There are 2 protein chains.
Amino acid sequence: MHKRILIVEDETSIREMIAFALRKAGMDAMQAADARAAQLAIVEQVPDLILLDWMLPGTSGLELARRLRKEELSREIPIIMLTARGEEMDRVNGLEAGVDDYVVKPFSTRELIARIKAVLRRSQGDDGSGMVELGGLRIDGPAHRVFAGDEAVPIGPTEYRLLYFFITHPERVYSRTQLLDHVWGGSVYVEERTVDVHIRRLRKTLEPWKLDDMVQTVRGTGYRFSISA
Amino acid sequence: MHKRILIVEDETSIREMIAFALRKAGMDAMQAADARAAQLAIVEQVPDLILLDWMLPGTSGLELARRLRKEELSREIPIIMLTARGEEMDRVNGLEAGVDDYVVKPFSTRELIARIKAVLRRSQGDDGSGMVELGGLRIDGPAHRVFAGDEAVPIGPTEYRLLYFFITHPERVYSRTQLLDHVWGGSVYVEERTVDVHIRRLRKTLEPWKLDDMVQTVRGTGYRFSISA
DNA sequence: TGTGATTGTCATCGACGCGTAACATTGATG
DNA sequence: CATCAATGTTACGCGTCGATGACAATCACA
């Protein structure tokens with residue numbers, strides 16, 4: 001699940017540097033030197049996120065951002081603006097244009113990567129409020145509560161942690177050992193079969209809302225949390 | 001109704017960026033580069049909320065938070081911690097110092113604004129008159145009185161402060177330590193178990209109005225004040 | 001200074017959740 | 001279809017945590 005990032009930046013050296021950093025971070029880098037090239041690239045292959053230089057020859061970055069927000073195809077794509085110091089204060093209609101974040105030059109690639117990840121995380125349902133929602137289930141982290149629809153689900157500590165782990169790591173199989181490491185913590189030793197029992201208990205607490213089939217058994221491997229039955 | 005936000009952060013560029021985003025969002029931004037400047041700024045003009053960098057030259061953010069919690073003037077001001085590479089340690093310590101929320105760097109300005117609004121909203125059924133209302137309970141801050149419907153509720157000082165904190169911070173779990181910090185103040189040392197007793201007393205005073213189930217136990221974690229049973 | 005209210009601490013009791021074993025069921029493999 | 005392995009299900013004992021009531025110290029106010 002490599003993320004595709006489109007870099008729109010006229011200076012080749014900067015573009016290459018960013019592309020290199022992205023690839024090292026396990027992302028796919030697409031490149032464009034101006035607004036026209038960017039739009040073509042997007043049509044050809046829709047990226048997961050766009051890095052947009054503020055200053056571009058011809059159509060400015062801000063203008064391009066506005067345009068992308070109007071197109072159906074590109075409306076939902078998160079945009080991170082790259083601005084030089086000083087440019088921030090005057091022309092920062094960027095936020096109004098629907099830019100998700102902006103990074104001030106010069107930046108470290110490390111910081112840039114971190115920002116990208118933060119924005120991607122947020123565009124995937126994590127709005128930073130500590131709320132996680134998936135398939136009719138909602139977990140309110142700060143409140144330490146679980147809701148099915150708007151009904152509160154009574155749940156014990158361990159089942160809560162287990163469910164929390166599952167809902168933040170859905171659609172993937174985890175072995176009993178992995179679940180023990182993540183949910184119980186590596187320092188304690190308990191039988192692997194104990195996981196089975198807690199899976200059972202979790203299913204039972206979800207049963208009244210017919211959500212117990214989100215917890216799925218993968219025979220010979222472990223368990224998976226998934227939306228689809 | 002512009003909210004005043006104090007930014008305590010030593011890095012000028014970050015501070016400026018945040019300040020700009022805040023103004024854009026219709027808030028007034030005050031700035032301070034270290035703990036000393038922060039305290040002076042607070043005395044001069046009390047902010048509605050404080051953004052506090054974890055790492056500060058001289059007095060650390062954590063230490064400053066503790067100090068602010070002890071001062072009468074700043075006890076009630078919500079604090080949002082800005083932490084780099086937020087590890088578990090940071091979170092725990094920060095929350096124990098009576099911090100209201102924390103945001104991990106790097107964050108997008110949009111995320112930060114969202115958090116600020118959330119915290120302000122939470123600590124603000126308060127419309128300025130000092131009246132707070134929630135789920136059939138009403139607190140008259142200036143008068144130091146509590147009403148259930150229109151009946152006055154007889155309540156002692158500590159239970160009053162506990163209830164006041166709860167009603168201004170509903171739908172969220174607080175550990176005993178956190179409650180001690182927020183309600184008792186960081187300067188006194190009392191046993192954690194004492195919280196249990198006052199929870200009990202608070203429940204007993206609310207019982208005649210069947211509101212005692214708003215005070216909820218979260219086993220292994222702490223207590224929560226909530227509308228829904 | 002006296003009296004009632006308030007507060008913090010402690011000991012005790014009970015409830016709850018947890019881990020484990022024992023047994024039942026299902027699935028795979030030949 | 002026989003057999004073994006993997007998982008589902010249930011019951012039980014133990015330990016931990018929270019609830020509760022009692023008590024002594026302190027505070028506020030007459």
Side-chain angles (χ1 to χ4, degrees), chain A residues 144-146 152-166 173-208 211-226 229, chain B residues 144-146 152-166 173-208 212-226:
Chain A
H144 216 268
R145 267 201 154 181
V146 179
V153 178
I155 193 170
T158 306
E159 290 148 61
Y160 176 86
R161 289 202 313 273
L162 181 58
L163 179 58
Y164 189 89
F165 174 78
F166 269 142
V173 192
Y174 290 93
S175 69
R176 291 175 175 73
T177 309
Q178 285 176 310
L179 289 174
L180 284 176
D181 280 341
H182 283 113
V183 179
W184 274 255
S187 49
V188 290
Y189 179 73
V190 290
E191 288 293 326
E192 289 212 343
R193 292 301 309 279
T194 300
V195 176
D196 298 35
V197 179
H198 281 276
I199 289 284
R200 160 67 176 150
R201 286 172 180 155
L202 178 56
R203 280 176 176 152
K204 202 180 277 186
T205 62
L206 294 179
E207 208 169 3
L211 294 171
D212 54 310
D213 51 8
M214 294 180 81
V215 182
Q216 298 164 1
T217 304
V218 181
R219 200 180 169 84
T221 308
Y223 296 94
R224 171 182 54 210
F225 193 75
S226 171
Chain B
H144 244 251
R145 298 196 68 172
V146 178
V153 178
I155 192 170
T158 305
E159 291 147 59
Y160 173 85
R161 276 180 306 153
L162 181 58
L163 179 58
Y164 187 88
F165 174 76
F166 269 141
V173 192
Y174 290 94
S175 70
R176 291 176 176 76
T177 310
Q178 289 173 352
L179 289 174
L180 284 176
D181 279 334
H182 280 287
V183 179
W184 275 256
S187 47
V188 288
Y189 179 73
V190 290
E191 286 294 324
E192 288 210 347
R193 293 268 140 241
T194 301
V195 176
D196 298 34
V197 179
H198 282 275
I199 288 284
R200 160 68 176 149
R201 287 170 180 157
L202 177 56
R203 279 177 176 152
K204 203 180 276 184
T205 62
L206 293 178
E207 206 170 2
D212 54 310
D213 53 5
M214 294 181 82
V215 182
Q216 299 164 0
T217 304
V218 180
R219 199 179 168 87
T221 307
Y223 296 95
R224 169 183 57 214
F225 194 76
S226 170

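Just so you know, these numbers use all the heavy atoms, side chains as well, and skip hydrogens, waters and symmetry mates. These figures come from a predicted structure and were not determined experimentally. Below, read A as the first sequence line, B as the second, and so on, with proteins coming before strands; counting in each chain starts at 1.
- Looking at Arg201(A), its side chain comes within 3.5 Å of the base of dG19(C) through a donor and an acceptor atom.
- A sub-4.0 Å separation between OP1 or OP2 of dG18(D) and a side-chain N or O of Arg176(B) is present.
- Heavy-atom minimum distance, Val153(B) versus Thr205(B): CG1-O, 4.0 Å.
- Remark: the Arg203(A) side chain and the dG8(D) base include no donor-acceptor N/O pair separated by less than 3.5 Å.
- Residues Thr194(B) and Val190(A) both approach DNA chain C. Their nearest nucleotides, taken by heavy-atom distance, put Thr194(B) toward the 5′ side.
- Within 3.5 Å, a donor on the side chain of Arg219(B) pairs with an acceptor on the base of dT16(D), or the reverse.
- In this structure, Tyr160(B) reaches neither bases nor backbone, as no heavy-atom distance under 4.0 Å exists between it and the strands shown.
- Closest of all the heavy-atom pairs between Val218(B) and His144(A) is CG1-ND1, 3.5 Å.
- His182(A) and Tyr174(A) have perpendicular rings, their planes meeting at more than 60° on a 0 to 90° scale where under 30° would count as parallel.
- Taking the six-membered ring where the residue is Trp, Trp184(B) and His198(B) present perpendicular rings, their angle passing 60° and hence far from 30°.
- In terms of position along DNA chain D, the nucleotide closest to Gly220(B) lies nearer the 5' end than the nucleotide closest to the other residue of the pair Gly220(B) and Lys204(B).
- Where Tyr189(A) and Ile155(A) each meet DNA chain C at their nearest nucleotide, the meeting point lying more 5' is that of Ile155(A).
- The listed nucleotides are dG21(D), dT9(C), dG8(C); the one nearest the side chain of Arg200(B) is dG21(D).
- The listed nucleotides are dG18(D), dT20(C), dC10(C); the one nearest the side chain of Glu191(A) is dT20(C).
- Residue Thr158(B) has a polar side-chain atom (N or O) positioned under 4.0 Å from OP1 or OP2 of dT7(C).
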